[in-house]
2 protein chains.
Amino acid sequence: MTRSKARGYHHGDLREALVASGRKLVEEKGIRGFTLRECARRAEVSHAAPAHHFASMDDLLAELVRRGFAELTASMTTEAERVAEDEPAARLVGLGVGYMAFAAANPTLFQLMFSREANHIEAKAGDEGAASLRRLLAAVLDDVLLEASDDVRQQAADFAWATMHGFIILVLEGEIGGRDSSRALKARGLAALAAMAETVARFARP
Amino acid sequence: MTRSKARGYHHGDLREALVASGRKLVEEKGIRGFTLRECARRAEVSHAAPAHHFASMDDLLAELVRRGFAELTASMTTEAERVAEDEPAARLVGLGVGYMAFAAANPTLFQLMFSREANHIEAKAGDEGAASLRRLLAAVLDDVLLEASDDVRQQAADFAWATMHGFIILVLEGEIGGRDSSRALKARGLAALAAMAETVARFARP
DNA sequence: TCGCAATCTTGACGTTGGAAAGAGGCCAAA
DNA sequence: TTTGGCCTCTTTCCAACGTCAAGATTGCGA
């Protein structure tokens, strides 16, 4: 789709171009620095062109969030599937690795996905994505917990999600491992995930 | 300080008034909806008046973050001190309760304190606050871990902070306990904190 | 081939953060 | 007490923003 300089009046695939430039822009300028006009500029299009593809700026951000959740769950699935089926605890750790890998690769988008703004703005945008993430987590947890009560299942899910989310957020924020090497940071992350998985496993046999 | 309508050309304590209205505004409108001019409006002052007290909008936000961290650690300390000295694990849970209580009472400010924007914008603003929070956590953890290696101490601190942070963030985001009652939510939070404290205690004896 | 609807541009409006310049008031030095 | 200086606040202006309305251009189906 390498549009050369010679494009006509019509862009061809402006919607995708806006999503692409928007995604870069979010990471470059941050959530508050994000600008619809700059997005249009990078797609080499007038400032009002986006209106025909996204009703508002929040609409574009909502699309970014939607795709972010899809990629996040994909990343989790990929990592979990590198582990044998009969090692459920390790699969749980894999889920966490995929979670953190996506967040580390897309720090600002990740924050946007879980930001208070997003929740209000996109209404149902992130909800579907979050729901499928929840299902994925529940499925893997099922193999760890076997026959546990619903209460325990819920507690385990809360705990697992909270640990992996909290850890990577604090890392992205510089609160954890401020000047650690990338290697050392990964080790710290794995340690946290291992402790989490062990605790979850303990939920199964009280 | 109840300024009546009859104030002269000078405000008297504009700085504090801006901090106060700014804080309300953040919670009302969210981070992206925050506006310096609206802040000034609420302090009944012209839109350029804030410039003499805060170099920029980010400067005002930085001050909000600074005070937020002070209050956060205060809330944690208060809750921890309700627990007897000789129950270190319970004190750790108390820390988490204080943490979550502040976050629940100031959801948007809390997000701002840990937002990617904040980190870049305020540079050192949140750093001091975060450092004292880290010290507080380390002190309480010391009583749980007794003579553990520095590595274990670090892992325990990572884990404890990650769990309480992740849980409350996911709650504020509606990802955990979307339609639970406040009571039920607190129970889920306490369960997560208890699991965290137990895990940390296990760090002490491997 | 023609006409229409979708796409894109241009221009405008109200709002924002910030800079510049002037008005007003407080306080310390004389 | 007067006066000068400095801090505070206001007014005015600017570029940039999101959004809306109108017009230009184009591709596509009838």
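Only heavy atoms go into these numbers, but all of them, side chains included; no hydrogens, no water, no symmetry mates. A note on names: the letters A, B, ... follow the listed sequences, proteins ahead of strands, and every chain is numbered from 1.
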According to side chain to side chain contact (heavy atoms under 4.5 Å, CB included), who are the partners of A/A138, at least two apart in sequence or on a separate chain?
none
Excluding sequence neighbours, so at least two apart, what forms side-chain hydrogen bond (donor to acceptor under 3.5 Å, both in side chains) with B/T35?
none
With sequence neighbours left out, which residue pairs that include part of residues 154-167 of chain B fulfil the side chain to side chain donor-acceptor pair (under 3.5 Å) condition?
A/R188-B/Q154, A/R188-B/D158, B/Y99-B/W161, B/Y99-B/H165
Going by side chain to side chain contact (heavy atoms under 4.5 Å, CB included), name the residues that satisfy it together with A/A51, two or more places apart in sequence or in a different chain.
none
Side chain to side chain donor-acceptor pair (under 3.5 Å) contacts in which one or both residues fall within residues 134-143 of chain B, not counting sequence neighbours
B/D142-B/R153
Going 5' to 3' along DNA chain C, between which two nucleotides do contacts with chain B fall, using a heavy-atom cut-off of 4.0 Å?
C/dT16 to C/dG25
Can you list everything that forms a side chain to side chain contact (heavy atoms under 4.5 Å, CB included) with A/V144? Sequence neighbours excluded, please.
A/P88, A/V200, A/A201
Do any of residues 48-56 of chain B sit with a heavy atom less than 4.0 Å from DNA chain C, and if so which?
B/A48, B/S56
Consider only side-chain N and O atoms of A/R202 and B/T199, and report whether a donor and an acceptor are under 3.5 Å apart.
no
For B/E87, all residues meeting side-chain hydrogen bond (donor to acceptor under 3.5 Å, both in side chains), sequence neighbours excluded
none
For nucleotides 13-17 of chain D, list the nitrogen or oxygen atoms of the protein found under 3.5 Å from its nitrogen or oxygen atoms, one pair per line.
unit_1: D/dC17; atom_1: OP2; unit_2: A/R41; atom_2: NH2; d: 2.7

Pairs of donor and acceptor atoms involving the side chains of residues 101-108 of chain B, under 3.5 Å and at least two apart or interchain, shall be tabulated with distances.
unit_1: B/N106; atom_1: OD1; unit_2: B/R23; atom_2: NH2; d: 3.2
unit_1: B/N106; atom_1: ND2; unit_2: B/F102; atom_2: O; d: 3.0
unit_1: B/T108; atom_1: OG1; unit_2: B/E27; atom_2: OE1; d: 3.1

Those residues at least two apart in sequence (or on a different chain) that pass side-chain hydrogen bond (donor to acceptor under 3.5 Å, both in side chains) with A/R15 are none
To the nearest angstrom, how far is B/L18 atom CG from D/dT8 atom P?
12 Å
Rounding to an integer number of Å, can you tell me how far A/Y9 OH sits from D/dT25 C1'?
5 Å
